[in-house]
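As the structure is a prediction and not an experimental result, all values here were calculated from the model. One-based numbering, in listed order, for ligands and for the atoms of each.
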Amino acid sequence: MDSKDLIHLEDVYGAHNYHPLDVVATKAQGIWMYDVEGRKLLDFLSAYSAVNQGHRHPRIVKALIEQARRLTLTSRAFRNDQWPLLAKELCDLTGYSMVLPMNSGAEAVETAVKTARKWAYQKKGVAQDQAEIIACRDNFHGRTVTAISFSTEPSYRKDFGPFTPGFPIVPFGDLEALEKAITPRTAAFLVEPIQAEAGILIPPDGYLKKAAEICRRNNVLFIADEIQTGLGRVGKLFACEYDDVRPDIVIIGKSLGGGCYPISAVIADRDVLGVFKPGEHGSTFGGNPLGCAVARESLKVILEEKLVQNAAERGQSFMDKLRKIRSRHIKEIRGRGLLIGVELKPEAGGARRFCEELMKEGLLCKETHDHVIRFAPPLIIREKDLNWALKRIKTVFKRLA
Ligand SMILES: *Cc1c(COP(=O)(O)O)cnc(C)c1O
């Protein structure tokens, strides 16, 4: 079947909850994807940062296959020999003392919400069912009913109510609003250190640090959603490091599974994650040996191949080069590491048509909201491949001038 047939089948039989670019991938390796017609395309999205290590990294695929040959699932009713090792390795890597494994990012966000609420009742003494978690305007924390309950994006919420209560909203980057929103019932402040889905929005310098201080002063947990920004994407292991912040709870996912397997985790210290007792929370697949073996290798690849450093170096030089593009359409280029947003002026006619043209040139990008093109290639990318991409980007900006 060719692309046209497959797109037709998808449109007829698949629910229409996405609007993908019309490219049908059939294989991939490293930074490259191949469509069913054999066309080679450079992946400049990395599955929203879930393939930071590149597609089908040989070491991660090997870990996946070897583990699949031994043991894949026990449920947590029994123990397995991979989860304890992943838990320890994640603690060693991050400097926290406990980990709770889940599968998707949204589930890990739900877990962090449950953790903060339980902590508020057990440790802070908030009255039953009164706990609040402050979230930021324009956030993205996933698609579950609770996660969209604190979304401010109308299309994510429309016709999905009633919503989970207890989530006051403050503008991202506004310390005064945060301070004002805190009450004795506040359990936590939940924030993305860089708002990726909102259009690669980087908060003012010192915002996270001061927000963390406000939280500490008020006995409020600081929860960082590093699902997209974490594990090297932004040129540090965690985006919070740019502000020297150690969150009380860190949420990770996406590239924890190396693009091969869905796995997420909530990481914190014992005084926080220790609130759970047996039976109070769980997941059939959470902590399964297949996912844990993949995650262990995915982390090793990030460290041993120095992907954090590569993201920092390649990202800086690529952003410098992007900024030299002269186009009346570009309003701003911003980013950290290899999470880069090109914001177009409203008159440019939207980011989507740029992405469609880039695809014709062999570069796979995705718009975020209407006016921002996101550039987020796998962190293994080399300078010469970025130059290849740059040439295509320049061509498209010239063509659509
Ligand atoms: C992708 C993402 C999520 C949701 O992860 P899923 O695995 O899609 O459920 C949550 N928060 C942030 C910041 C994300 O980028």
Would you confirm whether E241, through its side chain, and V245, through its main-chain N or O, come within 3.5 Å as a donor-acceptor pair? no

So is R143 actually on top of Y156's ring, under 6.0 Å and inside 45° of the axis? yes

Using atom types as modelled and distance alone, determine if a side-chain donor or acceptor of R336 lies under 3.5 Å from a backbone N or O of V234. no

Is the F354-F397 ring centre distance short of 6.0 angstrom? yes

Please identify each residue that fulfils salt bridge (charged side-chain N to carboxylate O under 4.0 Å, His left out) with D269, with sequence neighbours left out. R246

Is the CZ atom of F285 crowded by more than 12 outside heavy atoms at less than 6.0 Å? no

Write down, by chain and number, every protein residue that brings a non-hydrogen atom to less than 4.0 Å from an atom of ligand 1. S104, G105, A106, F140, H141, G142, E192, D225, I227, Q228, K254

